[in-house]
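What follows is a set of notes on a single structure, which appears directly below.
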Amino acid sequence: MKFHYNPRKAAQAAAYLVRLSGGRMDFYALIKLLYFSDRRALSRRGRPITGDFMVSMPYGPVLSRILNEAGAPELLQNQHWSELLNQRENNSVSLKQENPPTNELSQFERDILKAEFEHYGHYGFKDLMAIAHALPEFKDPNGSSLPIDPASILREEGWTDEEIQDAAMSAREEVFFNEIGR
């Protein structure tokens with residue numbers, strides 16, 4: 001199952017979480033909270049917030065493109081991230097503006113992000129890593145990375161095969177329409 005990745009939406013989701021954290025946040029905790037949020041949105045409506053690829057890595061599941069685009073020491077290889085977030089300092093990211101835009105995010109998505117922040121935002125990275133390692137979709141990649149099939153998360157969350165097929169079809173349609181809309 002493949003989803004449409006929206007880098008602007010991903011950057012806004014990250015900035016929204018950093019705003020909820022008071023304007024500064026541990027980078028690695030942010031990466032985990034984005035994964036938890038995408039996972040929650042997937043389990044609730046059949047598609048994640050960002051549309052990014054989910055992968056198991058040594059420190060737990062992450063969103064692949066987001067980690068690659070935002071993970072460079074100078075932060076923010078993606079223009080959307082650099083418009084909203086300052087470069088990392090001591091593994092911490094901060095907002096460039098007090099109230100970053102959220103126009104790419106629906107109210108449902110903002111509610112998911114807020115709920116995941118309220119549930120996990122007080123944990124440090126090591127605790128978040130332990131929580132992520134306990135998720136049923138996590139498989140030890142032995143120092144590399146392994147793709148996570150979103151259908152496996154949906155099955156774990158009680159979705160039927162027919163519901164998963166419908167979600168996959170909807171995802172394919174969204175990818176298709178975004179491709180021809182370019």
Side-chain angles (χ1 to χ4, degrees), residues 1-3 5-6 9-73 75 81 84-85 88-95 102 105-106 108-159 163-164 167:
M1 190 179 300
K2 179 183 174 191
F3 300 98
Y5 174 61
N6 183 333
K9 182 185 261 191
Q12 286 187 10
Y16 185 71
L17 286 169
V18 173
R19 186 179 126 217
L20 291 173
S21 184
R24 180 171 293 282
M25 185 176 210
D26 177 80
F27 174 74
Y28 296 105
L30 172 62
I31 294 299
K32 289 296 175 218
L33 287 173
L34 285 167
Y35 178 82
F36 294 155
S37 297
D38 259 17
R39 185 185 194 284
R40 175 70 52 167
L42 174 67
S43 71
R44 298 266 313 273
R45 68 172 180 189
R47 70 175 191 268
I49 295 170
T50 70
D52 200 354
F53 295 116
M54 298 173 159
V55 296
S56 285
M57 294 191 72
Y59 294 108
V62 296
L63 302 172
S64 180
R65 290 182 192 152
I66 290 172
L67 182 64
N68 289 338
E69 291 173 355
L75 188 61
W81 285 76
L84 302 175
L85 298 168
R88 272 177 30 200
E89 288 183 36
N90 300 321
N91 288 326
S92 181
V93 292
S94 62
L95 295 174
T102 59
L105 301 166
S106 69
F108 171 83
E109 292 165 334
R110 287 190 305 273
D111 290 346
I112 292 281
L113 290 160
K114 185 176 181 184
E116 294 303 292
F117 176 80
E118 288 172 352
H119 190 77
Y120 296 109
H122 64 283
Y123 289 107
F125 174 68
K126 288 185 181 185
D127 291 327
L128 292 172
M129 185 177 71
I131 293 165
H133 277 190
L135 293 171
E137 68 268 19
F138 175 73
K139 305 291 182 251
D140 186 350
N142 295 314
S144 184
S145 68
L146 295 171
I148 295 172
D149 181 6
S152 69
I153 295 171
L154 294 175
R155 265 186 218 90
E156 190 67 37
E157 293 294 319
W159 286 51
E163 291 169 328
I164 293 169

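The basis for the numbers below is simple: all heavy atoms, side chains too, and nothing from hydrogens, waters or symmetry mates. Position 1 is the first residue of the sequence, and the numbers go up from there.
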Does the side chain of [Y] come within less than 4.5 Å of [X]'s, by heavy atoms?
X      : Y      : value
Glu163 : Leu154 : no
Leu135 : Phe36  : yes
Leu95  : Leu84  : no
Met57  : Leu67  : yes
Leu113 : Phe117 : no
Met1   : Ile164 : yes
Phe125 : Ile31  : no
Arg88  : Val93  : yes

| task | Give the C-alpha distance, both sets of side-chain angles, the deciding distance and a yes or no for side-chain contact (heavy atoms from CB on, under 4.5 Å) between Met54 and Leu63. | result | CA-CA 5 Å; Met54 298 173 159; Leu63 302 172; 3.9 Å; yes
| task | Just do the side-chain contact (heavy atoms from CB on, under 4.5 Å) check on Thr50 and Phe3 with the steps written out, would you? | result | CA-CA 9 Å; Thr50 70; Phe3 300 98; over 6 Å; no
Between the main-chain N or O of [Y] and the side-chain N or O of [X], is there a donor-acceptor pair closer than 3.5 Å?
X      : Y      : answer
Ser56  : Lys139 : yes
Lys9   : Thr102 : no
Arg110 : Leu105 : yes
Asn91  : Asp26  : no

Over all heavy atoms of both residues, which pair between [X] and [Y] is shortest? Give the atoms and the distance, please.
X     : Y      : answer
Gly46 : Ala167 : O-CB, 3.8 Å
Leu85 : Ala14  : CD1-CB, 4.2 Å
Ser64 : Asp52  : N-OD2, 3.5 Å
Ile66 : Tyr5   : CG1-OH, 3.7 Å
Pro61 : Ile148 : CB-CD1, 3.8 Å
Ala41 : Ile112 : N-CG2, 4.2 Å

| task | Output all residues satisfying side-chain hydrogen bond (donor to acceptor under 3.5 Å, both in side chains) with Arg45, sequence neighbours left out; order by chain, then residue number. | result | Glu109
| field | Inter- and intrachain pairs under side chain to side chain donor-acceptor pair (under 3.5 Å), touching residues 140-149, at least two apart | value |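 Sorted pair list comes back empty.
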| Quick one: side chain to side chain donor-acceptor pair (under 3.5 Å) pairs with a partner in residues 115-135, sequence neighbours left out? | Arg40-Glu116
| said: If you apply the rule side-chain contact (heavy atoms from CB on, under 4.5 Å), what do you find for Leu33 with Met25, and how did you get there? | reply: CA-CA 11 Å; Leu33 287 173; Met25 185 176 210; 2.9 Å; yes
| Do other residues, nucleotides or ligands put more than 12 heavy atoms under 6.0 Å from Arg44 CZ? |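 Open: at most 12 neighbouring heavy atoms sit under 6.0 Å from CZ of Arg44.
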| task | Please lay out, stage by stage, how Tyr35 and Val62 fare under the test side-chain contact (heavy atoms from CB on, under 4.5 Å). | result | CA-CA 6 Å; Tyr35 178 82; Val62 296; 5.5 Å; no
| task | For the pair Glu157 and Arg39, evaluate salt bridge (charged side-chain N to carboxylate O under 4.0 Å, His left out) and give the outcome as yes or no after the intermediate values. | result | CA-CA 10 Å; Glu157 293 294 319; Arg39 185 185 194 284; 3.3 Å; yes
| query | How many angstroms lie between atom CZ of Arg24 and atom OG of Ser92, to the nearest 0.5 angstrom? | reply |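 It is 4.0 Å, given to the nearest 0.5 Å.
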